[in-house]
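One structure below.
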2 protein chains.
Amino acid sequence: MTDSSSRPTTVYGRPVTTDGVPNLYEGTAVAPWTPPAPGIDNLGITSVDTFAVPGVGEYTVDFSGYVRVVRSEPTSEEWSSAEVYTNLIEMKMVGECAELGRITVTLNPDCLSTGQIRTPFDPYAGEGPAAKACRMAVGAIFDMPKLGLRLANKEPIILTIDDVRQIPPAGSPGKGQIYRMLPLHDVQRLDDSPVAYVTSLRFTMGGYTTVEAMAAR
Amino acid sequence: MTDSSSRPTTVYGRPVTTDGVPNLYEGTAVAPWTPPAPGIDNLGITSVDTFAVPGVGEYTVDFSGYVRVVRSEPTSEEWSSAEVYTNLIEMKMVGECAELGRITVTLNPDCLSTGQIRTPFDPYAGEGPAAKACRMAVGAIFDMPKLGLRLANKEPIILTIDDVRQIPPAGSPGKGQIYRMLPLHDVQRLDDSPVAYVTSLRFTMGGYTTVEAMAAR
């Protein structure tokens, strides 16, 4: 593990600059079917994650918090052909359950968490503009002080949102594409066997939030 | 990109030593429902992969070749509780189609491709011993000399085999857990936008192969 000012050693996709890109908060207008100018989206988020701890049990935890996502210049002004690249530059989600205690999820500074929004190769058939698919590969830290553990995923968590009709896809449900189990490693012993697994992750992107709401997290 | 003698910068799971671990070839006996001693499995493999190149087309290619997988000491002698960790230490698969030409898939030396075999948290219900789940996170290079391209995935390809009743799971069908698209980047411009995508990957593990068959690839 390195401190958050260091350069990530693992980059899951295309880096996106934050230079000169405005922060966008509550009140920002979003136009459907329209590729927007670059921005840093400050959005609420909720998630329901299930953790399996071998020999101990399986626990489902409700999280809420915020994310900050920087978006690139779209590759086209036209919705159907536009691609937008994203980096998750900050995340804080907090949840709690009796057995695991309070859990805080933040970004792993060793990873650049990256994503993109594009028209899928297998779009829904139908009338009108094609909805886009949003995907992001995320490296996270799960801090579990009650257990004295900080856990990290070494394979990215692939978060997907389908049927995207506006950017950002605020209010849309999404899913962590976890096939049966995603290993989590103790950050103090990253090269040892995993100590826990995420077995399910379902999230909902919130709308634009405020500086005050983020600071209160 | 670095040469293959360098240390990987991205490690997807638990490293497994090859020190003192015997190479296993054609003729090796495999006992079902039995955690085996460590070995390097030299296995045939076939795969059917679909590539999407934006603005150009979608192409499905049949691959065949081999993999070399080192397996750890099982964590238990008992099948039901045993976990086995794996590293993919070599891969060569070759396929061809008219539009993309000959494609050779090898391991990305910047990544340590890692996996594990364990009883899933959601096993099939039923009589008798529980089948295991096998998963591996792979960083690969797709060499396409006809197009003058060498492509790499920056998110691992998650290969899974279900219903594993013996180790190695020779003869079993498996799947790349790709949700709609897995981005591929030009290795000369890794931080640029992806230039192609894998949209589907279905493979079958072969049995133990021979030194001669591997050399002929």
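Chain naming here is simple, since letters A, B, ... match the order of the sequence lines and numbering starts at 1 in each.
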Please state whether the side chain, the backbone, both or neither of A/Tyr179 comes within less than 4.5 Å of a heavy atom of chain B. both

Is B/Asp192 in contact with chain A via its backbone, its side chain, both, or neither, using a 4.5 Å heavy-atom distance? backbone

Quick one about B/Thr199 and B/Thr50 (side-chain donor to acceptor, distance below 3.5 Å, no hydrogens or angles considered), yes or no? no

Looking at A/Ala133, A/Ala137, A/Gly55, A/Pro194, which makes the most heavy-atom pairs under 4.5 Å with chain B? A/Pro194

Do we see a donor-acceptor contact under 3.5 Å between the side chains of B/Ser64 and B/Thr46? no

Pair count under 4.5 Å, heavy atoms only, with chain B: among A/Gln177, A/His185, A/Glu83, A/Arg180, highest is A/Arg180

Give the ring-plane orientation class for B/Phe121 versus A/Tyr197, where under 30° counts as parallel, over 60° as perpendicular and anything between as tilted. tilted

Option in A/Arg135, A/Lys175, A/Glu58 with maximal non-hydrogen atom pairs under 4.5 Å from chain B: A/Arg135

Any luck finding a side-chain donor-acceptor pair between B/Glu90 and B/Tyr66 under 3.5 Å? yes

Regarding A/Arg68 and A/Asn23, do their side chains bring together a donor and an acceptor under 3.5 Å, going by distance alone? yes

Heavy-atom contact with chain B under 4.5 Å, split by part of A/Asp191: both

Does a salt bridge link A/Arg71 with A/Asp41, judged by any charged N lying under 4.0 Å from a carboxylate O? yes

What option among A/Thr75, A/Thr114, A/Asp122 has the most heavy-atom pairs under 4.5 Å with chain B? A/Asp122

Residue among A/Thr9, A/Val11, A/Leu112 with most heavy-atom pairs under 4.5 Å to chain B: A/Val11

Distance only, no hydrogens: is a donor on one side chain within 3.5 Å (strictly under) of an acceptor on the other, for B/Ser193 and A/Arg14? yes

Side chain, backbone, both or neither: which part of A/Thr160 has a non-hydrogen atom closer than 4.5 Å to chain B? side chain

